[in-house]
> 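To start, I am sharing the structure in question, which I have written as structure tokens.
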Amino acid sequence: NQAPNALTITTPIETDGVVNDAEDGDVLIQGGGAESGATVTVDVGGVSTTTTADSSGNWTLSGNELDISALNNGTLTVSATQADSAGNTSTATTTTISLDNQAPNALTITTPIETDGIVNAAEDGDVLITGSGAEANTSITVTISDGANNQSRTVIADGSGAWTLS
């Protein structure tokens with residue numbers, strides 16, 4: 001009796017290697033290299049489930065078979081093994097994903113804007129707005145509205161979460 005070959009895991013998982021809040025209840029993981037009809041066990045951060053390889057050796061978790069919503073955010077190890085009809089188990093193939101399923105905190109806008117809270121004619125072409133509280137290096141969209149018209153601009157927060165729109 002010989003153990004089956006190690007599997008392959010198609011990467012990146014969830015197209016970008018990051019599992020967000022919309023994806024954490026039904027993580028899409030797929031791969032190949034299994035024996036036809038083999039039981040494939042997939043484990044993500046201690047949450048495990050099984051699926052069966054098709055006749056080509058491909059396998060997929062695509063529905064609610066794997067819910068990792070209760071795990072802590074951060075880097076998680078994904079492992080996959082196969083067991084053949086004789087009960088032999090392959091060595092584990094591993095990769096990592098990032099779980100980020102928590103909404104960011106509300107941003108802080110430094111006030112008053114333009115030092116006095118009033119944007120006058122001399123300032124309306126280059127309003128300076130600063131803030132903090134963003135996740136490091138993320139996109140921030142700032143929208144200014146007068147009730148009838150909106151102006152939106154996107155900036156990138158720095159490594160500390162501070163951002164500036166000028």
> Looking only at side chains, do S69 and D24 share a donor and an acceptor under 3.5 Å apart?
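Judged by distance alone, the side chains do not pair up.
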
> Calculate, to the nearest 0.5 Å, the distance between atoms CG and CG belonging to N72 and L99 respectively.
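The CG atom of N72 sits 8.5 Å away from the CG atom of L99.
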
> How long is the span from the CD atom in Q30 to the OG1 atom in T11, to the nearest 0.5 Å?
10.5 Å

> So does N64 have more than 12 non-hydrogen atoms from other groups sitting under 6.0 Å from CG?
no

> Search all heavy atoms of T115 against all heavy atoms of P112 and return the closest pair with its distance.
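Heavy-atom minimum between the residues: O-CG, 3.1 Å.
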
> I'd like to check I144 versus I129 (side-chain heavy atoms, cut-off strictly below 4.5 Å). Are they in contact?
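The answer is yes; the side chains approach within 4.5 Å.
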
> Nearest 0.5 angstrom please: W59 CH2 to I9 CD1, how far?
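Going from the CH2 atom of W59 to the CD1 atom of I9 covers 5.0 Å.
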
> Using every non-hydrogen atom in the two residues, find where N88 and Q2 come nearest and quote the distance to one decimal.
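Where N88 meets Q2 most closely, the heavy atoms are ND2-O, 3.4 Å.
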
> How close do S79 and A92 get, counting heavy atoms only, and between which atoms?
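Taking S79 first and A92 second, the nearest heavy atoms are CB-CB, 4.4 Å.
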
> Do side-chain atoms of T81 reach the backbone of T89 as a donor and acceptor pair under 3.5 angstrom?
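No, the answer is negative, given that no donor and acceptor are paired below the 3.5 Å cut-off.
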
> Can you tell me how far apart OG1 (T49) and CD1 (I68) are? Round to the nearest 0.5 Å.
12.5 Å

> Would you say T94 and V78 make side-chain contact, with heavy atoms under 4.5 Å?
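Not touching, per the 4.5 Å side-chain cut-off.
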
> Any side-chain heavy atom of L61 sitting closer than 4.5 Å to one from L28?
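Heavy-atom side-chain distance check fails, nothing below 4.5 Å.
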
> Within the distance-only criterion (no hydrogens, no angle test), does the side chain of T8 pair as donor or acceptor with the backbone N or O of G32 below 3.5 angstrom?
yes

> Give the C-alpha distance, both sets of side-chain angles, the deciding distance and a yes or no for side-chain contact (heavy atoms from CB on, under 4.5 Å) between V127 and I113.
CA-CA 8 Å; V127 177; I113 294 172; 3.8 Å; yes

> Rounded to the nearest 0.5 Å, what separates atom CD in E114 from atom CG in N120?
7.5 Å

> For D124 and A121, which heavy atoms make the closest approach, and how far apart are they?
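Shortest heavy-atom separation between D124 and A121 comes out as OD1-O, 3.0 Å.
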
> Please report the closest heavy-atom contact between G25 and D67, naming both atoms and the distance.
CA-OD1, 3.7 Å

> Do you know the tightest heavy-atom contact between T143 and S152?
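Taking T143 first and S152 second, the nearest heavy atoms are OG1-OG, 2.7 Å.
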
> Got a donor-acceptor contact below 3.5 angstrom from the E65 side chain to the T50 backbone?
no

> Which distance, rounded to the nearest 0.5 Å, do you find between the CG of N5 and the CD of E35?
7.5 Å

> Given side chains that start at C-beta, do those of T39 and T51 come closer than 4.5 Å, heavy atoms only?
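Of all side-chain heavy-atom pairs linking T51 with T39, none is under 4.5 Å.
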
> Side chains of residues 157-166: which donor-acceptor partners sit under 3.5 Å, not counting sequence neighbours?
| unit_1 | atom_1 | unit_2 | atom_2 | d |
| --- | --- | --- | --- | --- |
| D158 | OD1 | S160 | N | 2.8 |
| D158 | OD1 | S160 | OG | 2.8 |
| D158 | OD1 | G161 | N | 3.0 |
| D158 | OD1 | A162 | N | 3.0 |

> Please examine the side chains of D100 and N20, heavy atoms only from C-beta on, and report whether any two atoms are closer than 4.5 Å.
no

> Does any non-hydrogen side-chain atom of V44 lie less than 4.5 Å from one of I29?
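Contact flag for I29/V44 side chains = yes.
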
> Less than 4.5 Å apart, side chain to side chain, heavy atoms only: is that true for L71 and L76?
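The answer is yes, as the side chains (C-beta and beyond) meet within the 4.5 Å cut-off.
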
> If you measure only the distance, is there a donor-acceptor pair under 3.5 Å linking the side chains of T130 and T110?
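There is such a pair between these side chains.
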
> Are V142 and T154 packed together at the side-chain level, in the sense that at least one heavy-atom pair is separated by less than 4.5 angstrom?
no

> Just by modelled atom types, is the A6 backbone N or O under 3.5 Å from a matching donor or acceptor in the Q82 side chain?
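Such a contact is absent between Q82 side chain and A6 backbone.
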
> Side-chain donor-acceptor pair under 3.5 Å between N150 and S145, yes or no?
yes

